[in-house]
2 protein chains.
Amino acid sequence: MTETLNQLHVWYQGDEWCPITSTTTLIGKKWHPVIIHRLLEYGPSGFNELKRAVDGISSKVLSDSLEDLESKQLVSREIVNEKPVRVEYSLTKHGESLRPVIVSMRDWGTEYLAPAETPESSVV
Amino acid sequence: MTETLNQLHVWYQGDEWCPITSTTTLIGKKWHPVIIHRLLEYGPSGFNELKRAVDGISSKVLSDSLEDLESKQLVSREIVNEKPVRVEYSLTKHGESLRPVIVSMRDWGTEYLAPAETPESSVV
DNA sequence: CTGTATCCACAACGATACTG
DNA sequence: CAGTATCGTTGTGGATACAG
């Protein structure tokens, strides 16, 4: 069996464990998929770098989201000692493993939800 | 280009359109993926059938969710004239097209989030 | 059987301002 | 640069009761 996320497999529907509910509990918050996608495509990024990339998110919500993702072991946070201080966010191995999920979401959106004019569509 | 969902491709991040945000806006509510998965795997179902299958959901929330999915053209609702009255919910073509997304969520959950004991895990 | 009507609780999101 | 502190608004879900 593959290794599972530590202590994070506790989501049930009623009595029974459900893989889909488990997944949405982890990445079902508004900005999570977009943040993960950015980290998948561009690699480790700093806070403001992410904030610029994830268009429209506020500092607070980005901070909250990253904290949540870190607590779920999908993202890791490393403080780089430069000046000024840099903090680098990157995907953990488990975070990386989400690639098929995020990609399928992106592809479906691209195929079925694209605006008619199709301008410079940005996938963050 | 593939046909897109009518008037439903309006989700942007800030200025720019984002496929992932668009997708999560459609299926990002708590029970949506589970409901869609059930319809994908078992085909058209009645209200109480769904309620039993989606363990833990209340009548109100199921009703709300189905209404939302219908408004987004992912689920269709048909009244079957029997007695007592039956209502049948099924996926539209667009709803069906979500299969890769839902399946990837299920598979990821199964691989990385399964309980250690792995009892009778139900994917609805 | 298939819902609706209320009403409540709380989580999530967001704007703004401020800090080391 | 990388956040935190506040505070308010809205969204989402859930419990319970009732109805055609």
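Each chain gets a letter, A, B and so on, in the order its sequence line appears, and its residues count up from 1. Worth knowing before you read on, the calculation uses all heavy atoms, side chains too, and leaves out hydrogens, waters and symmetry mates.
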Please lay out, stage by stage, how Val85(B) and Val80(B) fare under the test side-chain contact (heavy atoms from CB on, under 4.5 Å). CA-CA 6 Å; Val85(B) 170; Val80(B) 183; over 6 Å; no
Rounding to a whole Å, what distance do you find between Asn48(B):CG and dC1(C):P? 4 Å
Arg86(B) vs dG3(C): side-chain N/O to OP1/OP2 distance below 4.0 Å: no
Between the protein and nucleotides 11-20 of chain C, list the N/O to N/O atom pairs that are separated by less than 3.5 angstrom.
from: dC13(C); atom 1: OP1; to: Lys30(A); atom 2: N; distance (Å): 2.9
from: dG14(C); atom 1: OP1; to: Lys30(A); atom 2: NZ; distance (Å): 2.9
from: dG14(C); atom 1: OP2; to: Trp31(A); atom 2: NE1; distance (Å): 3.1
from: dG14(C); atom 1: O6; to: Lys60(A); atom 2: NZ; distance (Å): 3.4

Atom-to-atom span, CD of Glu67(B) to C1' of dG11(D) - whole angstrom: 15 Å
Starting at CG of Leu62(A) and ending at P of dC1(D), how long is that distance when rounded to a whole Å? 13 Å
Ser63(B) vs dT4(C): side-chain N/O to OP1/OP2 distance below 4.0 Å: yes
Atom CD of Glu78(A) and atom P of dC1(D): how far apart are they, to the nearest Å? 18 Å
Could you give the CD-to-P distance, from Glu88(A) to dA2(D), as a whole number of Å? 10 Å
By salt bridge (charged side-chain N to carboxylate O under 4.0 Å, His left out), Asp107(A) pairs with (sequence neighbours left out) none
In whole Å, I'd like the distance from the CZ atom of Arg52(B) to the P atom of dG3(C). 14 Å
In this structure, how many angstroms lie between the P atom of dC1(C) and the NZ atom of Lys51(B), rounded? 11 Å
OP1 or OP2 of dG3(D) sitting under 4.0 Å from any side-chain N/O of Tyr89(A)? yes
Looking only at dC1(D), dG3(D), dC1(C), the nucleotide nearest the Pro84(B) side chain is dC1(C)
Glu41(B) and Arg99(B): CA distance, side-chain angles, deciding distance, salt bridge (Lys or Arg N to Asp or Glu O under 4.0 Å) verdict: CA-CA 10 Å; Glu41(B) 298 300 301; Arg99(B) 180 179 296 275; 3.4 Å; yes
Whole-Å distance separating the CD atom of Glu49(A) from the P atom of dC1(D): 10 Å
Residue list, salt bridge (charged side-chain N to carboxylate O under 4.0 Å, His left out) with Glu70(A), at least two apart or on another chain: none
Closest approach of His32(B) and Ile27(B), non-hydrogen atoms and distance? CB-O, 3.8 Å
Test applied, side-chain hydrogen bond (donor to acceptor under 3.5 Å, both in side chains); reference residue, Tyr89(B); option that passes from Arg77(B), Glu78(B), Arg38(B): Arg77(B)
Heavy-atom nearest pair, Ser59(B) first then Phe47(B), reads O-CZ, 3.7 Å
